[in-house]
Amino acid sequence: MNASRLPAAEFEAEEVLRAAHAADVGRDQEPGGEMLQVLSSDGSMAGGMAAEVAGSTVDFAPYLSATDAPHLRSLYRDMFLIRRFDQESTALQRQGQLALWVPLTGQEAAQIGSGRALQPQDYAFPTYREHGVALTRGVRFDEILRLFRGVTNGGWDPRERNFHLYTLVLAAQSLHAVGYAMGMQRDQLADPSLPQGVSVAYFGDGASSEGDIHESMVFAASFDAPVVFFCQNNQWAISVPSSVQTKVPLAKRAEGYGFPGVRVDGNDVVAVEAVMRWALEHARTGKGPVLIEAYTYRMSAHTTADDPTKYRLSRDEQEWQTRDPLARLEAYLRTAGLADESFFEELGAEARSMATDLREAVLSMTAPDLESRFAAVYAEPHPLVQEELRFFQQYEAGFADEGKHA
Amino acid sequence: MNASRLPAAEFEAEEVLRAAHAADVGRDQEPGGEMLQVLSSDGSMAGGMAAEVAGSTVDFAPYLSATDAPHLRSLYRDMFLIRRFDQESTALQRQGQLALWVPLTGQEAAQIGSGRALQPQDYAFPTYREHGVALTRGVRFDEILRLFRGVTNGGWDPRERNFHLYTLVLAAQSLHAVGYAMGMQRDQLADPSLPQGVSVAYFGDGASSEGDIHESMVFAASFDAPVVFFCQNNQWAISVPSSVQTKVPLAKRAEGYGFPGVRVDGNDVVAVEAVMRWALEHARTGKGPVLIEAYTYRMSAHTTADDPTKYRLSRDEQEWQTRDPLARLEAYLRTAGLADESFFEELGAEARSMATDLREAVLSMTAPDLESRFAAVYAEPHPLVQEELRFFQQYEAGFADEGKHA
Amino acid sequence: MATMTIAKAINEGLRASLAHDPKTLLMGEDIGELGGVYRVTDGLKREFGAMRVVDTPLAESGIIGTAIGLALRGYRPICEIQFDGFVFPGFNQITTQLAKLRTRSDGMLSAPVVIRIPYGGGIGSVEHHSESPEALFAHTAGLRIITPSNPQDAYWMIQQAVTCEDPVIVFEPKRRYWLKGDVDTRTPAADPFTAQVLRRGSDATVVAYGPLVPVALAAAAAAAEDGRSIEVIDLRSISPIDFDTVTASVTRTGRLVVAHEAPTFGGLGGEIAARISEWAFLSLEAPVIRVGGFHMPYPVARVEEQYLPDIDRILEALDRAFAY
Amino acid sequence: MATMTIAKAINEGLRASLAHDPKTLLMGEDIGELGGVYRVTDGLKREFGAMRVVDTPLAESGIIGTAIGLALRGYRPICEIQFDGFVFPGFNQITTQLAKLRTRSDGMLSAPVVIRIPYGGGIGSVEHHSESPEALFAHTAGLRIITPSNPQDAYWMIQQAVTCEDPVIVFEPKRRYWLKGDVDTRTPAADPFTAQVLRRGSDATVVAYGPLVPVALAAAAAAAEDGRSIEVIDLRSISPIDFDTVTASVTRTGRLVVAHEAPTFGGLGGEIAARISEWAFLSLEAPVIRVGGFHMPYPVARVEEQYLPDIDRILEALDRAFAY
Ligand SMILES: Cc1ncc(C[n+]2csc(CCOP(=O)(O)OP(=O)(O)O)c2C)c(N)n1
Ligand SMILES: Cc1ncc(C[n+]2csc(CCOP(=O)(O)OP(=O)(O)O)c2C)c(N)n1
Ligand SMILES: [Mg+2]
Ligand SMILES: [Mg+2]
């Protein structure tokens with residue numbers, strides 16, 4: 001047993017936290033040479049990227065977009081907009097316009113990098129924090145906020161965007177992703193001229209402990225399903241550090257199922273995109289599933305209802321500030337001369353107007369009435385629902401008619 | 001996707017089965033150098049046994065009992081008796097004396113080897129086929145049969161034998177084993193003079209796919225729990241080959257959780273015992289969990305209700321006959337001069353009289369009455385149970401009094 | 001018109017579904033080569049191939065969860081859960097995902113997954129093989145639950161479940177798998193979500209479903225010898241319940257006995273009793289009497305006969321109803 | 001005598017249990033450093049250390065399953081499930097293992113595990129955070145289920161759950177966590193498995209539990225202004241249910257309304273209505289009227305007010321009862 005699990009009543013607050021996380025710092029924050037990276041935190045870009053994956057060396061160079069200036073700028077744009085969206089949503093929540101908000105700041109590179117690697121026929125299954133991936137799939141910002149304003153549990157048509165609804169029961173969507181991939185596999189058998197799609201399961205370090213993650217990997221391996229498991233290890237499951245879920249990189253889980261697992265710097269959008277492109281190609285060409293662990297950090301609270309000072313050190317938060325995914329790409333774009341000041345100014349203006357529009361859209365969202373909810377339970381007529389709806393209508397009408405009790 | 005999953009309507013029966021299993025034969029039955037073994041199927045014994053485990057070389061020599069003649073004879077005795085018990089129970093089922101029987105023939109070495117490695121303070125959690133382990137824990141044969149005669153779902157006092165009841169919901173007991181180990185850990189902290197116990201979770205290749213197996217490994221790793229996961233990969237989950245559950249050795253799963261995994265020849269009782277001794281010591285000394293995959297074969301049907309000819313080739317069954325765990329130890333004992341004819345004769349006689357006693361015990365088992373079942377639901381008084389019991393007694397009394405309907 | 005067992009009727013129903021719609025597929029443990037532990041899927045893998053009849057890894061959450069994914073992709077998966085007692089590892093996917101997908105998407109998404117579960121006791125088996133957990137699913141909105149009691153219904157209801165746009169759980173009365181009856185493979189059975197009056201009567205109504213339907217009919221026959229005219233209703237659908245049919249009957253007979261194998265406490269008998277007591281309050285001459293399992297885990301094989309509601313238990317309940 | 005909220009009362013109750021018995025321990029997600037998402041375990045890890053207040057990996061089956069193992073080793077684990085809607089990954093361990101261990105072992109083994117589940121709606125939250133799944137546990141024999149409605153009960157019932165030899169699920173009415181009241185830390189509350197009459201009345205009885213108890217009391221107060229005398233019973237225990245107390249009341253009042261947040265169909269209101277309709281058949285002047293949730297997944301925050309049973313819904317039900 002490690003020391004962090006011993007009674008700590010005699011310590012003072014800050015020491016307790018330090019002691020509790022002593023082991024984690026060395027273990028998780030220095031993942032060593034296993035983590036793939038091209039764009040380092042100081043904004044310098046390596047020439048190539050290669051790694052030992054499942055016994056053979058993979059050269060990721062063909063998948064890297066490191067020299068494609070327009071593409072790098074557009075990756076930066078997406079990351080910038082989604083962070084701005086995050087800030088605006090946080091503000092809206094503070095002002096009581098949203099019931100809750102789930103921030104993604106810190107995870108922009110992991111989400112934009114992986115989402116932009118997808119092809120149109122691919123289909124992604126998010127958890128509840130994948131606003132960046134949503135953006136890459138064409139989901140509108142205001143559509144995302146409908147859930148957090150409490151007017152729906154969905155918000156967009158998943159079939160139109162090839163982006164499933166947020167799933168709040170952790171890990172459940174991972175099995176849906178595998179089943180969806182099994183369907184893609186069958187579609188291809190029936191019509192080989194169809195472009196082969198790949199299904200992507202997003203989940204977090206916390207969720208990785210759920211049985212459903214395991215079963216989804218077992219099924220995926222068994223049926224060679226075209227699925228990519230994309231785990232954002234942002235170090236925290238609410239207040240619990242990832243060291244409670246695992247003591248070794250989560251990417252290693254894949255080996256136990258017989259498919260490749262890769263840990264990538266989740267704050268390096270270029271590396272994430274390259275690894276994701278490689279993984280998608282792997283799955284697309286019938287070689288079976290891949291697990292990607294994007295090593296990143298949740299820079300903000302778990303949700304707007306959370307208070308991270310209760311469980312983590314500001315020291316660690318500061319340390320991760322220096323690894324910011326946006327700052328490093330901005331530095332690279334500037335020093336390499338790939339974007340000038342006007343680019344950043346225009347982007348700032350675009351983000352401001354997006355925020356204004358968003359606020360308007362949120363304020364004008366109409367709540368459903370309960371009556372409409374009766375219709376969404378079943379596809380076909382249902383006597384009990386009909387009966388309860390009738391009761392409800394009469395009951396409500398009773399108030400309208402005669403202004404009853406209370 | 002592999003060929004075995006394509007439509008097979010045009011094949012004839014035997015070919016279909018052959019085609020369906022073509023891939024498995026190469027994959028599972030030739031596990032290569034990864035499988036630890038000292039006593040080979042022809043009865044010859046290697047001098048030592050060593051392997052790369054989790055990055056470093058483990059020498060199992062100190063754990064081997066290969067030269068200890070009395071011990072080897074007693075291992076053989078246990079295996080012989082348990083096989084005889086299996087045959088007798090199968091016969092009893094055929095004669096209608098048992099509702100069902102779950103045979104273990106083929107898995108004697110895996111069960112006796114692992115069970116005999118346990119120390120008194122250790123605690124084992126079986127599935128429903130661990131009759132051999134039960135024997136090593138002092139559970140009586142007739143106690144095991146009480147469940148299969150349908151007079152109880154239990155059969156013995158687990159606290160007396162340090163051997164839990166059979167658990168029929170696959171994989172559920174694996175979590176109990178980890179929790180029990182967490183308790184052992186706490187007991188030691190409270191009283192370091194106690195001998196440290198180890199908890200053992202038995203499960204099969206089929207059960208390995210259940211989410212509970214994953215969660216138990218996550219918890220065990222997280223808390224460095226003193227637990228050994230002992231998986232008998234007997235190649236089959238009823239009719240489904242282990243290749244549907246995994247394409248790589250199950251032992252590899254351990255790496256993904258950061259603890260050692262070893263595949264051992266499950267038909268080699270000496271190797272199993274050694275590996276289990278090593279694993280128990282590992283867990284006992286605070287180094288955390290271990291996964292052992294005992295590679296073996298279910299030589300008989302899944303249960304007496306099963307018909308294996310529906311799904312597997314007699315060719316494969318015959319091939320595994322040549323790897324019989326008893327035959328090879330008998331051959332070694334004879335050729336090495338460690339046991340003479342009289343040993344085998346006496347053992348035969350002992351088994352026969354055991355069988356006779358067993359039959360008698362089974363026939364004289366008394367069924368409970370439903371009335372007694374009301375008392376076993378809750379530890380403390382419960383008004384609903386009391387009320388229903390009253391109803392039932394009056395209802396039954398009604399028949400006694402007046403010979404009612406029908 | 002052919003005579004077959006319930007097991008065979010389901011087998012034929014599944015065959016018809018697989019033949020009719022290429023998007024259907026069967027998933028489960030041991031349903032392929034073996035044809036299922038009850039042989040209900042016998043021969044189907046050989047006929048339709050391993051892409052349509054899938055032996056899955058041994059994991060119930062995996063079965064239901066991947067079936068949901070397949071349904072989202074336009075497939076119609078028909079899952080087999082091997083025994084009633086083994087549905088619980090899949091309970092989360094059924095309760096929080098399958099049932100809620102439609103509401104979550106404001107009606108945009110369907111998940112027409114069918115889940116077949118052999119259920120009930122009376123087969124002399126071991127723990128977890130004889131349970132009746134239907135009430136644990138009926139309470140959850142978004143699911144439909146049906147249970148056939150004869151081969152004709154079995155043949156058609158499985159096919160009707162497959163074409164239904166909503167998720168449907170089909171509870172199969174396993175101890176009646178060998179019950180034989182006529183199947184008309186051309187004329188579909190009645191709407192599977194309606195109850196059927198199987199025997200007309202005027203003195204009291206007995207409502208049953210699944211494995212207890214033959215028991216209820218036998219009890220009615222026995223009561224007839226005592227001069228009592230008992231109406232017997234086969235519920236067929238457990239969610240929704242066809243309360244109109246039951247109310248109409250009780251309004252005439254004035255007495256109601258509800259029987260199921262599941263434990264009485266918290267079982268569906270309570271729902272039926274509560275609603276009929278309200279809807280037929282002025283017609284009821286006696287309280288609704290429930291016959292069901294006791295509040296204990298399903299007992300060991302050697303005592304299950306005493307536990308299971310049988311003809312006498314139903315007759316005793318009728319006696320109590322007539323005592324008012 | 002101290003005044004505290006329900007959340008604080010449970011916190012103090014847990015503290016007392018941890019201090020009193022070294023074999024107790026808390027397990028759950030985020031219960032340590034953070035003190036739980038509702039701060040119910042606030043400060044306890046700091047006080048009792050990480051071996052007694054365990055932040056587990058994120059896996060509910062793992063939490064319940066390892067708690068069972070700990071209980072078998074002589075410990076008394078108190079598990080927290082973070083929200084009602086997240087208990088389902090642990091449903092299998094609760095239903096097939098925890099509930100059945102005692103029967104499986106013919107009474108030899110106990111598994112005194114306590115499971116705390118914050119439940120119910122009215123907090124403006126997202127999907128899976130406002131459900132009332134208690135009926136899904138009550139149907140399973142072997143479990144006990146209680147739910148406090150005030151700080152005094154909260155303080156004592158959690159401790160009584162811990163000392164009970166049977167597994168106990170404590171459903172905590174999360175929207176009442178901040179409800180304040182007096183707690184007498186010296187005199188234990190009544191047997192947690194009994195109901196309590198909170199208000200005496202003679203014209204009708206309202207039975208409620210957990211979050212709806214204050215609503216029922218308010219409805220009774222409102223009805224009093226219309227000259228109706230309503231008796232209010234706080235059930236406190238959902239399994240077993242103290243039917244004697246309810247029957248005694250209804251025998252006097254002749255009318256019964258049962259209210260819970262859980263959907264009416266298949267909910268415990270049905271069980272209560274069925275049993276009281278039978279036990280008090282000759283006293284009932286009106287059918288038992290149930291007030292509960294509709295047959296739909298718990299709706300989005302913006303409409304939950306319309307969905308949740310409130311004072312008016314109870315008054316309307318009473319009106320219907322009085323109409324007979
Ligand atoms: C099955 C389940 N259990 C518990 C929760 C409550 N919960 C919501 S988020 C969360 C932490 C998730 O951590 P992680 O998977 O790392 O994702 P992250 O929030 O870091 O993106 C918890 C415990 C849940 N949503 N689902
Ligand atoms: C949760 C659960 N699902 C299904 C079953 C039905 N079942 C009983 S044994 C078995 C196969 C188990 O295979 P394996 O784990 O390899 O163990 P073995 O029988 O080979 O010893 C199945 C599917 C069960 N007991 N529990
Ligand atoms: Mg996380
Ligand atoms: Mg097996």
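For clarity, every value in this text was computed on a predicted model and none was experimentally measured. All chains are named by letter (A, B, ...) in the order of the sequence lines, taking the proteins before the strands, and each is independently numbered beginning at 1.
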For chain C, which residues from residues 172-183 of chain A lie under 4.5 Å away (heavy-atom distances)?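 Those residues of residues 172-183 of chain A which have a heavy atom under 4.5 Å from chain C are A172(A), L175(A), H176(A), V178(A), G179(A), Y180(A), M182(A), G183(A).
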If we define contacts as heavy-atom pairs under 4.5 Å, which of M27(C), M108(C), R52(C) has the most with chain A?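 The candidate making the most pairs under 4.5 Å is M108(C).
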Looking at T56(C), L58(C), D106(C), D242(C), which has the largest count of heavy-atom pairs under 4.5 Å with chain A?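 Maximum pair count with chain A is reached by D106(C).
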Donor-acceptor check, side chain of [X] to backbone of [Y], threshold 3.5 angstrom: yes or no?
X	Y	value
Y378(A)	G142(C)	yes
S222(A)	P57(C)	no
E380(A)	C164(C)	no
R159(A)	L109(C)	no

What part of [X] gets closer than 4.5 Å to chain A, counting heavy atoms only: side chain, backbone, both or neither?
X	result
A59(C)	both
I64(C)	neither
L101(C)	side chain

Against chain C, label [X] side chain, backbone, both or neither, depending on which of its atoms sit under 4.5 Å from a heavy atom there.
X	result
P158(A)	side chain
H164(A)	side chain
Y166(A)	backbone

With the side chain counted from C-beta on, respond yes when [X] and [Y] share a heavy-atom pair under 4.5 Å apart, and no when they do not.
X	Y	value
V377(A)	R102(C)	no
E215(A)	I63(C)	no
F223(A)	T66(C)	no

Residue, of [options], that accumulates the most heavy atom pairs under 4.5 Å with chain C:
options	value
G154(A), A190(A), A376(A)	A376(A)
V385(A), V169(A), V218(A), L168(A)	V169(A)
D187(A), T152(A), L147(A), L165(A)	D187(A)

Among residues at least two apart in sequence or on other chains, which ones pass salt bridge (charged side-chain N to carboxylate O under 4.0 Å, His left out) with E371(A)?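 In terms of salt bridge (charged side-chain N to carboxylate O under 4.0 Å, His left out), with neighbours along the sequence ignored, E371(A) is linked to no residue.
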With sequence neighbours excluded, tell me which residues meet salt bridge (charged side-chain N to carboxylate O under 4.0 Å, His left out) with R284(A).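 Listed in chain order: D122(A).
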In Å, rounded to the nearest 0.5 Å, how long is the span from [atom1] of [X] to [atom2] of [Y]?
X	Y	atom1	atom2	value
F243(C)	E387(A)	CZ	CD	8.0 Å
S61(C)	F219(A)	OG	CZ	8.5 Å
N153(A)	K100(C)	CG	NZ	10.0 Å
L72(C)	F125(A)	CG	CZ	5.5 Å
R186(A)	K23(C)	CZ	NZ	10.5 Å

Do H382(A) and D166(C) pass the side-chain contact (heavy atoms from CB on, under 4.5 Å) test, and can you show the C-alpha distance, the side-chain angles, and the key distance before you say yes or no? CA-CA 11 Å; H382(A) 192 283; D166(C) 294 311; over 6 Å; no
Considering heavy atoms only, which positions within residues 83-96 of chain C lie below 4.5 Å of chain A?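 Residues in range: N92(C), Q93(C), T96(C).
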